[in-house]
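Report on the structure given below.
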Amino acid sequence: RLKLIFPSLTEDNLEEYLKKYMIRRKKKDDDVTDINGNPLFPYDVIVETIKLDVTKEELEFYKGVENYVKNMYGKSENFNSPRGLVATIMGRLVSSSYYTGINAMERRKKRIAEKTIKSLNLKELWNELNDNELMGEEIDKIIDELLSIIPEGESYNLQEEIEELDRLINLGKTINVDSKLEQLKEIIKNIEDKKIVIFTSFIDTAEYLYRELLKIYPGTYLAIGKLDKNQLQTIIKDFREKGKILIGTDVLNESLNLQ
């Protein structure tokens, strides 16, 4: 991307360019301003971490996934190995929402059963996945590729992984109460006369929240990268005029002005 601005940029002079042109500002800085010196956030920003009390079924599911991740990761030579990558990704997806995690496991199981083997540049994919400039849709594409990895030459039984995925999928489907979703509903209920914007990293989670919240709040809108720019602008306009909740991935802060 930088080469679009600096055509002469190469790997050899990258560091020199970054030192000269890049300014990094940490989110914790108190005085974050625009180029004219005006406060970027003209209102108080409050950050709060909410502790959840999960159900017995949720706890069993999360512990099962944790063990799956540990077993996969523990048998890997390093985090860049195929199994280490898949395990790490699965952990991220489940932490987003159990629904997203189950979907990922079903995709993973299907790829293993079909023996869909891909030759992938793991280091490059991992670097892309950790690139903060990637938007939700780009991340989802990379994750989909990583879930397709069936490593050759590693000493483990694919059938055993299928059986473990089956067990976790069935365990996840016994969850009747989504504690994260219920907590979110409580937060929304306590916010009166204000519009709410919900960001999430994964499309599956965004679509899941949209379906669930739409049942309660008709003024709920979804903005993800599957939509074109005109559709997104229409959604933002409707949200401003008559909406209560807007759910989306990073497409919201990458390409749309919500001011």
Side-chain angles (χ1 to χ4, degrees), residues 26-33 38-63 65-66 91-103 132 135-137 139-140 172-227 231-259:
K26 298 179 181 178
K27 291 182 180 179
K28 68 179 181 180
D29 289 351
D30 294 326
D31 301 318
V32 181
T33 61
N38 300 314
L40 193 58
F41 304 108
Y43 44 81
D44 291 334
V45 177
I46 300 173
V47 179
E48 182 181 358
T49 300
I50 298 174
K51 185 177 180 180
L52 290 175
D53 293 321
V54 298
T55 64
K56 178 182 176 182
E57 292 78 14
E58 287 176 308
L59 185 60
E60 189 176 353
F61 175 66
Y62 292 138
K63 284 185 175 179
V65 175
E66 184 180 355
R92 286 193 185 188
L93 293 166
V94 171
S95 67
S96 176
S97 73
Y98 85 91
Y99 173 84
T100 299
I102 291 174
N103 277 356
N132 291 328
M135 300 195 328
E137 288 69 25
I139 292 174
D140 273 1
K173 289 181 177 179
T174 65
I175 297 174
N176 295 316
V177 177
D178 183 345
S179 297
K180 288 184 180 180
L181 177 62
E182 293 307 310
Q183 182 65 61
L184 178 60
K185 289 177 182 177
E186 281 299 311
I187 293 172
I188 293 172
K189 188 168 68 174
N190 292 326
I191 299 177
E192 298 179 0
D193 303 322
K194 290 184 179 180
K195 295 183 182 294
I196 299 167
V197 180
I198 301 171
F199 288 93
T200 181
S201 298
F202 305 111
I203 294 176
D204 278 354
T205 301
E207 292 178 332
Y208 167 65
L209 293 177
Y210 171 70
R211 288 194 301 271
E212 294 300 318
L213 294 178
L214 188 60
K215 297 174 185 176
I216 306 171
Y217 303 99
T220 300
Y221 294 86
L222 177 68
I224 54 179
K226 293 180 181 179
L227 307 174
Q231 289 174 312
L232 288 170
Q233 292 290 3
T234 299
I235 287 171
I236 296 301
K237 180 176 179 294
D238 290 344
F239 170 67
R240 283 200 188 104
E241 293 176 356
K242 55 186 179 183
K244 169 70 175 177
I245 302 168
L246 178 62
I247 303 167
T249 56
D250 287 348
V251 69
L252 288 176
N253 59 19
E254 291 288 341
S255 59
L256 298 174
N257 183 4
L258 293 173
Q259 295 298 323

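From a predicted model like this one, the values you see are computed outputs, not experimental measurements.
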Contacts of type side chain to side chain contact (heavy atoms under 4.5 Å, CB included), residue D204, not counting sequence neighbours =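 D204 satisfies side chain to side chain contact (heavy atoms under 4.5 Å, CB included) with T100, N103, R107, E207 once adjacent residues are dropped.
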In chain order, what residues pass the salt bridge (charged side-chain N to carboxylate O under 4.0 Å, His left out) check against [X], with sequence neighbours excluded?
| X | result |
| --- | --- |
| E60 | none |
| E57 | none |
| K56 | none |

query = What's the verdict on side-chain contact (heavy atoms from CB on, under 4.5 Å) for V94 and F61, showing C-alpha distance, side-chain angles and the deciding distance?
reply = CA-CA 10 Å; V94 171; F61 175 66; 3.9 Å; yes
Does some side-chain heavy atom of [Y] sit less than 4.5 Å from a side-chain heavy atom of [X]?
| X | Y | value |
| --- | --- | --- |
| L246 | I236 | yes |
| L222 | L214 | no |
| L213 | I198 | yes |
| T220 | K244 | no |

Y221: partners by ring pair (Phe, Tyr, Trp, His ring centres under 6.0 Å), with sequence neighbours left out =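 Applying ring pair (Phe, Tyr, Trp, His ring centres under 6.0 Å) to Y221 gives none.
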Taking every non-hydrogen atom, the tightest pair across A223 and L227 =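 In terms of heavy atoms, the two residues are closest at CA-CD1, 4.5 Å.
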Non-hydrogen atoms of T200 and S96 that approach each other most closely =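 Answer, listing the atom of T200 first, then S96: OG1-OG, 3.9 Å.
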To the nearest 0.5 Å, how far apart are [atom1] in [X] and [atom2] in [Y]?
| X | Y | atom1 | atom2 | result |
| --- | --- | --- | --- | --- |
| T205 | I247 | OG1 | CD1 | 10.5 Å |
| I245 | F239 | CD1 | CZ | 8.5 Å |
| K189 | I187 | NZ | CD1 | 12.0 Å |
| I196 | I188 | CD1 | CD1 | 5.0 Å |
| L181 | Y98 | CG | OH | 8.5 Å |

key: Sidechain N-carboxylate O distance under 4.0 Å for K185, E182   =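 Judged by the 4.0 Å cut-off on N to carboxylate O distance, K185 and E182 do form a salt bridge.
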query = How far apart are the C-alpha atoms of K63 and E66, what are their side-chain angles, what is the distance that settles it, and do they pass the salt bridge (charged side-chain N to carboxylate O under 4.0 Å, His left out) test?
reply = CA-CA 5 Å; K63 284 185 175 179; E66 184 180 355; over 6 Å; no
Give every donor-acceptor pair under 3.5 Å between a side-chain atom in residues 46-55 and any protein atom, sequence neighbours left out.
from	atom 1	to	atom 2	distance (Å)
T55	OG1	E58	N	3.1
T55	OG1	E58	OE1	3.2

task = Return yes when atom NZ of K195 has more than 12 non-hydrogen atoms of other residues, nucleotides or ligands closer than 6.0 Å, and no otherwise.
result =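 Yes, because the 6.0 Å sphere around NZ of K195 holds more than 12 heavy atoms from other groups.
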request  = Apply the test side chain to side chain donor-acceptor pair (under 3.5 Å) to residues D178 and Y208: give CA-CA distance (whole Å), side-chain angles for both, the deciding distance (0.1 Å), then the verdict.
outcome  = CA-CA 11 Å; D178 183 345; Y208 167 65; 2.6 Å; yes
task = Could you point out which residue of K180, E212, R211 forms a side chain to side chain donor-acceptor pair (under 3.5 Å) with Y99?
result =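 Only one of K180, E212, R211 forms a side chain to side chain donor-acceptor pair (under 3.5 Å) with Y99, namely R211.
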ask   = Just one of I203, I235, L232 clears the side chain to side chain contact (heavy atoms under 4.5 Å, CB included) bar with I224, so which one?
value =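 So the option named by the test is I203.
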